Amino acid sequence: MYYNELETLPRDKLRELQDTQLRQIIGYVYERVPFYQEQFKKLGIQPGDIRSVEDLPGLPFTRKQDLKDHYPFGMLAVPREQTIRVHASSGTTGRATVVCYTRNDIDIFSEVMARSFIAAGARPGMLLHNAYGYGLFTGGLGTHYGAEKLGMTVVPVSGGMTQRQITLILDLKPEVICCTPSYAQTLGEEFKKMGITPQDLSLKYALLGAEPWTETIRANVDANLGVRSTNLYGLSEIIGPGVSQECIEGRAGSHIWEDHFYPEVVDANTGEPLPDGQEGVLIFTHLTREAMPLLRYWTGDITYLTHEPCACGRTHVRMGSIRGRADDMLIIRGANLYPTQIEEVLKSIPEVVPHYQVVVKREGTLDDVEVKVEVAEDVFREITQEAWSEDILEADHQMRNLRDSIQSEIKGIIGLNMKVTLMVPGTIPRSEGGKLRRVVDLRKL
Ligand code: DLL
């Protein structure tokens, strides 16, 4: 089932549509946004020079800094009075990036989210437990409007207050949940602690996003909540959640709603476009937005595109899962490292669970990485029981062995020496509803 027939439009027709929309939006921003008009003039190009999406690489990127320089309303293409909502990106430092929506933009937002719900398995009439944060963050309201448009019953619980969430899930019996993947883990663990099995739960589908996650987390959430979880991706500057969504049939990459958001992947250093399958920075050009259309917006997210046909029949291009943000990439003693690479290694070790934290320090001139990871509960119980039965040396020996084997596994696969610290189950910080930071870079303090 699809929400809109455009989702299965043959690719040549989709391209025609994109080209037409692009020509319109280029003229629109040239007329209305001084920032773009100046850029075009500086480059000596006329709006008419951009005829097709193939001409896009001739234009410069728009970066977050450009939005900051025009804070708060300097990038608007309409008078502020014509916008009906403001959201802001979840920047942890400095001023947030403010984004605005006209009524038509909110309709688009709701439509792409309604498509996303259908793709994830949701249907009109189902009950949605919406644990994305409501407020300036786009997660809560964005998914809310989409679910209402589709005709779902929305429980706007927002993030936090886990015990209340648990009660609501048990009492109201939602089929669908949406929240960050780390919060889905928190909820799953809570149910487990209470002895509630997935069979006791009504949940079937979960739309997880707003932070990077992996197949290990997917397996963990699916097992504990009894759902089939799919990836929901987006960012405030482009619209919020609903830029792309994984289909339940394939669960192998997220379909970008490219009749609204035209994607490219470019080399992080040279900015040159990359072919399908090659990882680089994801770029978006708005094709239909009214309030704040952006051309070639540099998301900073690292992924790849694939035009391979999909089992679900949608023709829209898929993006891989986000490996990390270009700015989250750690440079450790000169080598590039994404936290998800560490997670990949940890997932192959059954004695530990996917709760980890990476702490980076600088000792003198050398970067030091410490990986804190929780030991699986049964393994921990076994070893501590040995310690209690006075075989402390044996317990200690087992812990050291486990630590050393993880250290050498990391060294073998990633090629960097990292200190591994084994943690007692439940001691690594959990998500309380919002985005979880797994990396603590003390070099930046
Ligand atoms: O996080 C919008 C959103 C809300 C997406 C709910 C999905 C679900 P921002 O706060 O502006 O918007 O943060 C955007 O979060 O550039 C990515 O780095 C990251 N991100 C979002 N979705 C995913 C995902 C929302 N599915 C930034 N996987 C983006 C990995 C994601 N990273």
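As the structure is a computational prediction, the values presented were derived from the model and not from experiment. Counting convention: from 1, in listed order, for ligands and their atoms alike. The basis for the numbers below is simple: all heavy atoms, side chains too, and nothing from hydrogens, waters or symmetry mates.
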With heavy atoms of Gly139 as the reference, note each atom of ligand 1 found under 4.0 Å away.
4 (C), 6 (C)
Counting the benzene-type ring for Trp, do Phe109 and Tyr145 have ring centres under 6.0 Å apart?
no
Should the pair Asp69-Lys64 be classified as a salt bridge under the 4.0 Å nitrogen-to-oxygen rule?
no
Backbone or side chain, does any N or O of Asn231 fall under 3.5 Å from an N or O of ligand 1?
yes
Under 4.0 Å, heavy-atom basis, I'd like to know which part of Glu211 is in contact with ligand 1: side chain, backbone, both or neither.
backbone
Would you check if there is a donor-acceptor pair between the side chains of His307 and Asp276 at a distance under 3.5 Å?
yes
Any side-chain donor near an acceptor of the partner, Tyr205 and Ser229, under 3.5 Å
no
Establish, for the pair Arg289 and Tyr28, whether the NZ or CZ atom is under 6.0 angstrom from the six-membered ring centre and no further than 45 degrees off its axis.
no
Electrostatic pair Arg362:Asp367 at N-O distance under 4.0 angstrom
yes
Does any N/O atom on Gly240 come nearer than 3.5 Å to any N/O atom on ligand 1?
no
Atoms of ligand 1 under 4.0 Å from any heavy atom of Pro241, numbered from 1 in the order shown, are 2 (C), 3 (C), 4 (C), 5 (C), 6 (C), 7 (C), 8 (C)
What do you reckon, does Ser236 have a nitrogen or oxygen under 3.5 Å from a nitrogen or oxygen of ligand 1?
yes
Have a look at Gly209, Gly234, Cys178 and point out the one with the heavy atom closest to atom 2 (C) of ligand 1.
Gly234
Any ion pair linking Glu258 and Arg15 (charged N to carboxylate O, less than 4.0 Å)?
no
Can you name the atoms of ligand 1, numbered from 1 with element, that are less than 4.0 Å from a heavy atom of Lys435?
1 (O), 9 (P), 10 (O), 13 (O), 14 (C), 15 (O), 25 (C), 27 (C)
Any idea which atoms of ligand 1 are less than 4.0 Å away from a heavy-atom of Asp301?
16 (O), 17 (C), 18 (O), 29 (C)
Pick one of side chain, backbone, both or neither for how Thr138 approaches ligand 1, counting any non-hydrogen atom pair under 4.0 Å.
side chain
